[in-house]
Amino acid sequence: MSTKLPKQVKLKSEKQITLLFKEGKSFTAYPLRFHYIINAKLDSKVLFSAPKRLFKKAVDRNRAKRILREGYRKHERFKEYSIHLAISYLATSDLEQTDKITAALNKGLSELDSHFKVR
RNA sequence: AAAGCAGGCCACCUUGUCGCUUUGUGUUUUUUGACAAAGAGGAAAGUCUGGACACCAUAGUGCAGCGUAGCGGGUAACACCCGUCCAUCGCGAGAUGCGGACAAGUGCAACAGAAAGCAAGUACAGUUCGGCUGUAGUGAAAUCAGGUAAACUCUACGCGGUGAAACGCCAUGUAAACCAAUGCUUGAGAGCGGCACGUUCGAUAUUGGAGGGUAGGCGGUUCGAGAAUUCAAGUAAUUGAAUUCCUAGAUAAAUGACAGGGCUAGACAGAAUCCGGCUUAUGGCCUGCUUUUUUU
């Protein structure tokens with residue numbers, strides 16, 4: 001596995017997304033919120049979101065999602081997991097502090113790791 | 001030099017590594033993987049306007065409604081642009097536009113005045129003896145072709161609706177629903193945007209076909225009122241000709257990260273069918289001009 005993140009890995013289907021947010025489990029690692037479904041039949045797929053409610057400008061939404069995607073891209077192991085994952089950015093500002101965000105991302109991902117291993 | 005006016009240009013640059021989207025090359029059963037090229041804006045924004053395009057009838061007629069408004073020109077079109085007159089503002093460079101019509105009708109008008117329309121009328125003079133005419137007096141204006149249309153109104157010109165989630169196709173495909181043809185009687189009702197006209201369709205039967213919803217894919221979709229350069233016409237907006245170029249095309253939505261250098265900081269801000277404009281947000285550079293002051 002490499003550090004690539006091609007199109008196929010993104011979660012796109014509207015049905016699967018609504019299922020993920022409705023049925024999936026979730027936890028928070030401020031300023032991020034993780035939703036996930038673990039199922040052996042699933043391919044690993046991920047989506048990143050930044051709500052329009054909190055980020056009025058499209059530039060900021062793009063930036064938040066790019067930071068998350070770049071942080072996730074470095075973690076190769078998740079691409080082999082059978083998981084559908086959504087990572088949402090739920091703070092209003094502080095997009096400049098990329099360190100904090102990536103730290104939160106790492107924390108959340110390691111927590112997710114533990115969840116996965118329990119299964 | 002300071003303050004100001006107008007116009008134009010740029011939108012941090014660069015090297016390396018990793019990563020994203022599209023296209024091409026070539027490999028492979030296919031996928032993956034490889035290499036190469038290209039990859040956000042001047043406002044991509046607000047959705048305020050004018051079109052193209054698609055469907056509803058080839059988008060019709062009258063009324064209503066809405067928009068525009070000196071004059072001339074430009075344009076696919078416009079509420080936009082150019083020229084020019086006028087008005088207002090500014091010492092000025094310049095800026096702004098609420099600039100059609102009050103010889104159709106209705107309405108409105110501070111103060112003054114008898115009176116600013118339906119009711120009156122002071123003084124003097126003239127007189128064809130009629131409140132007929134003139135002068136004085138108030139006022140911007142006095143019985144009249146005064147003012148006012150960011151008052152109703154009138155005139156001229158323009159305007160049908162919906163909006164890329166339009167629309168066309170593929171695949172999946174259960175039922176009374178959908179479509180076509182034939183037949184039949186009443187023409188209920190529907191397209192139809194506010195009304196009327198007009199026009200198209202139109203209930204139940206038979207036969208044939210495969211439609212709608214949901215999820216998915218392809219097209220529409222980026223070659224265009226296109227860009228650059230030169231020449232010509234025009235005061236200009238703009239137009240014509242020649243040559244060259246192809247310049248984002250995503251779809252839970254592609255441009256990012258890390259490290260180094262220049263100068264350490266680098267604004268507003270992210271395409272979503274496509275063009276013309278307007279408006280708003282915003283960093284910097286340049287050019288011309290105006291006023292004031294100083295020096296020669």
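Every heavy atom of this structure was used, including side-chain atoms; hydrogens, water molecules and symmetry mates were not.
Atom CZ in A:R69 sits about 10 Å away from atom C1' in B:U21, given to the nearest Å. Computed from coordinates, the A:R61 CZ to B:G256 C1' distance equals 18 Å when rounded to whole Å. We find that CD1 of A:I87 is positioned 18 Å from P of B:A252, with the value rounded to whole Å.
Nucleotide B:C63 forms a Watson-Crick or G-U wobble pair with B:G194, both donor-acceptor distances falling under 3.5 Å. Summarising the base pairing, B:U292 is matched to B:A1 through a Watson-Crick or G-U wobble pair whose two defining distances lie under 3.5 Å. Pairing for B:U214 is absent, with no Watson-Crick or G-U wobble pair whose two atom distances lie under 3.5 Å.
To the nearest whole angstrom, the two P atoms, one in B:A69 and one in B:C152, are 15 Å apart. B:U293 sits 50 Å from B:U239 when the C1' atoms are compared, rounded to a whole Å. B:U68 and B:C78 have their P atoms separated by 14 Å, with the value rounded to a whole Å. Of the P atoms belonging to B:G105 and B:G7, the separation is 48 Å, rounded to the nearest Å. On the P atoms, B:U221 is 13 Å away from B:A250, given to the nearest whole Å. Nucleotides B:C278 and B:A43 are separated by 8 Å at their P atoms, to the nearest Å. The P atoms of B:A210 and B:U251 are separated by 35 Å, rounded to the nearest whole Å. Comparing the P positions of B:U243 and B:G158 gives an interatomic distance of 41 Å, to the nearest angstrom.
A glycosidic torsion no more than 90° from 0 defines the syn conformation; B:A69 lies beyond that range and is anti. B:U162 adopts an anti glycosidic conformation, its chi angle falling more than 90° from 0. Using a 90° window around 0 for the glycosidic torsion, B:U222 falls inside it and is classed as syn. Annotated as anti: B:G234, whose glycosidic dihedral deviates from 0 by more than 90°. In this structure, B:G256 is classed as anti because its glycosidic torsion departs from zero by more than 90°.
The line from CG of A:D60 to NZ of A:K65 is 12.0 Å long, rounded to the nearest 0.5 Å.
In this structure, A:R61 and A:K56 approach most closely via the heavy-atom pair NH1-O, 3.3 Å.
Residues meeting the side chain to side chain donor-acceptor pair (under 3.5 Å) test with A:R66, sequence neighbours left out: none.
Between A:F48 and A:Y89, the distance from one ring center to the other does not fall under 6.0 angstrom.
Side-chain contact check for A:L32 versus A:L68: some heavy-atom pair is nearer than 4.5 Å.
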For nucleotides 268-272 of chain B, tabulate all protein N/O to nucleotide N/O atom pairs closer than 3.5 Å, reporting atom names and distance.
from, atom 1, to, atom 2, distance (Å)
B:A269, OP1, A:K57, NZ, 3.1
B:A269, OP2, A:K57, NZ, 2.8
B:G270, OP2, A:A58, N, 3.4
B:G270, OP2, A:V59, N, 3.3
B:G270, N7, A:N62, ND2, 3.2
B:G270, O6, A:R66, NH1, 3.1

